[in-house]
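First the structure, in the form of structure tokens, and then the observations on it.
By convention in this document, chain letters (A, B, ...) are assigned in the order of the sequence lines, proteins followed by strands, and residues within each chain are numbered from 1.
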2 protein chains.
Amino acid sequence: MRISDIITEQILKLLDESEESKAEIQRNEFANILGCVPSQINYVLTSRFTPEQGYIVESRRGGGGYIRITRVQMNRSSALMHIINSIGDLLDQATARVVIDNCLHNSLISSEAAKLMSSAISIVVMRQVPINLRDTIRAAVIKQMLLAQI
Amino acid sequence: MRISDIITEQILKLLDESEESKAEIQRNEFANILGCVPSQINYVLTSRFTPEQGYIVESRRGGGGYIRITRVQMNRSSALMHIINSIGDLLDQATARVVIDNCLHNSLISSEAAKLMSSAISIVVMRQVPINLRDTIRAAVIKQMLLAQI
DNA sequence: TATCTATTGGTCAGTTAAAGTCAAAGTCAG
DNA sequence: CTGACTTTGACTTTAACTGACCAATAGATA
């Protein structure tokens with residue numbers, strides 16, 4: 001197994017064990033424990049704990065220095081949560097389409113998910129629902145499906 | 001016997017031995033064992049383990065690199081179609097769960113899709129539907145969502 | 001306060017260890 | 001003999017790893 005994988009694993013373990021999703025290490029000590037050269041830690045951090053991958057890395061040099069890795073709550077979830085909350089108890093067909101399109105466009109959901117959501121509230125399905133209940137069901141379905149993707 | 005046939009045979013053997021229908025090799029090592037040049041492995045993979053033939057090949061370069069060959073269920077669409085047709089106009093909650101689980105277990109749908117399907121017919125949603133209509137709606141939703149994945 | 005020093009972490013260029021590509025040469029059935 | 005399939009190896013690309021050197025910080029000392 002690669003050293004970089006072991007380092008990654010250990011950092012993830014620390015993050016999982018932390019209530020705050022924060023892992024704080026000392027570079028030299030950590031490298032020593034894992035049996036690698038200190039700069040290897042930097043390599044792993046820059047290749048696998050980037051902001052794009054949802055992590056923030058802070059550090060401090062000098063005596064008592066440290067490296068702190070934080071797993072950030074991608075604001076994807078909060079964005080999704082916001083949308084879910086903005087949907088009331090009713091949702092008409094046109095608005096539902098807009099909601100799905102917006103989520104897709106902002107990369108909050110995958111295109112696969114968008115397709116599935118569309119089919120779940122498709123006309124074929126909705127024909128089975130009494131007209132006066134359709135907006136209610138649509139709202140419930142969309143909200144629940146968005147919730148599943150948080 | 002051709003080297004390419006031997007290579008093919010060995011990969012198939014690994015696939016058969018694997019529970020997951022996955023074979024993971026290291027190109028240089030594998031080539032060395034079979035007594036051929038490394039690029040010969042690539043030739044075999046591109047000529048006999050193509051997606052059309054029901055295989056997915058993934059790889060990684062660099063230290064600790066690998067090549068992973070996965071045998072995929074080829075008749076996914078027909079299997080899905082079969083399941084859709086087997087669902088009548090009514091589908092109770094328990095059976096729906098079984099349908100989703102079976103599809104997931106047989107890799108006919110992704111776990112993401114399974115989650116979305118479950119949430120689309122979740123209790124929270126179904127509460128909004130008159131009891132006498134629930135099995136109808138469930139059947140329509142599940143069928144339509146499976147159809148979206150063909 | 002200003003400066004020195006020990007103790008950290010950061011950077012980067014270079015090395016090693018893989019896999020990918022492609023064109024040329026070889027083989028073989030028809 | 002010809003065209004399709006095989007085989008080969010030189011060259012390319014990518015990822016992992018290393019070590020020498022640089023930069024920042026805290027604490028001690030003048």
Worksheet entry | Separation of atom CD in A:E29 from atom C1' in C:dT7, rounded to whole Å | 14 Å
Worksheet item: Rounded to the Å, how far apart are B:Y66 OH and D:dT14 C1'?
Response: 13 Å
Fill in: Atom-pair distance (CZ on B:R68; C1' on C:dA18), nearest Å
16 Å
Item to complete: In whole angstrom, give the distance that lies between atom CE of A:M1 and atom P of D:dA16.
Response: 12 Å
Item to complete: For D:dA15, take OP1 and OP2 only and decide whether either is under 4.0 Å from a side-chain N or O of A:S47.
Response: no
Worksheet entry | Side-chain N or O of B:S4 closer than 4.0 Å to phosphate OP1/OP2 of D:dC5 | no
Worksheet item: Has B:S39 got a side-chain N or O lying under 4.0 Å from the OP1 or OP2 atom of C:dT21?
Response: no
Discussion item. The side chain of B:R60 is closest to which nucleotide in this list: C:dG10, D:dA16, D:dT18?
Written reply: D:dA16
Worksheet item: CD of A:Q40 versus C1' of C:dT11: gap in Å, rounded?
Response: 14 Å
Worksheet item: Which residue, A:G62 or B:G62, contacts DNA chain D at a nucleotide closer to its 5' end, judged by nearest heavy atom?
Response: B:G62
Fill in: Any side-chain donor near an acceptor of the partner, B:N106 and B:R76, under 3.5 Å
no
Item to complete: For the pair A:D92 and A:R97, find out whether any cationic side-chain nitrogen is under 4.0 Å from an anionic carboxylate oxygen.
Response: no
Fill in: Upstream residue (5' side of DNA chain D) when B:D5 and A:R2 are each assigned their closest nucleotide
B:D5
Worksheet item: Expressed in angstrom and rounded to an integer, what is the separation of A:R27 atom CZ from C:dT11 atom P?
Response: 10 Å
Practice prompt. Could you tell me whether the phosphate oxygens of D:dT6, OP1 or OP2, come under 4.0 Å of any side-chain nitrogen or oxygen in B:R48?
Written response: yes
Worksheet item: Under 4.0 Å between a side-chain N/O of B:N28 and OP1 or OP2 of C:dA18, yes or no?
Response: no
Discussion item. What's the separation between atom CG in B:L14 and atom CZ in B:F30, rounded to the nearest 0.5 Å?
Written reply: 5.5 Å
Worksheet item: Think A:Y43 has a side-chain N or O under 4.0 angstrom from the OP1 or OP2 of D:dA16?
Response: yes
Practice prompt. Take atom CG of A:N42 and atom P of D:dC22, then tell me their distance rounded to the nearest Å.
Written response: 17 Å
Worksheet entry | Note: B:R138-B:D89 ion pair, threshold 4.0 Å (strictly below) | no
Discussion item. Going by salt bridge (charged side-chain N to carboxylate O under 4.0 Å, His left out), name the residues that satisfy it together with A:R134, two or more places apart in sequence or in a different chain.
Written reply: none
Practice prompt. Provide, to the nearest angstrom, the distance between the CG atom belonging to A:N32 and the P atom belonging to C:dT8.
Written response: 12 Å
Worksheet item: Is there a donor and acceptor pair, one atom on the side chain of A:R61 and one on the base of C:dG10, closer than 3.5 Å?
Response: no
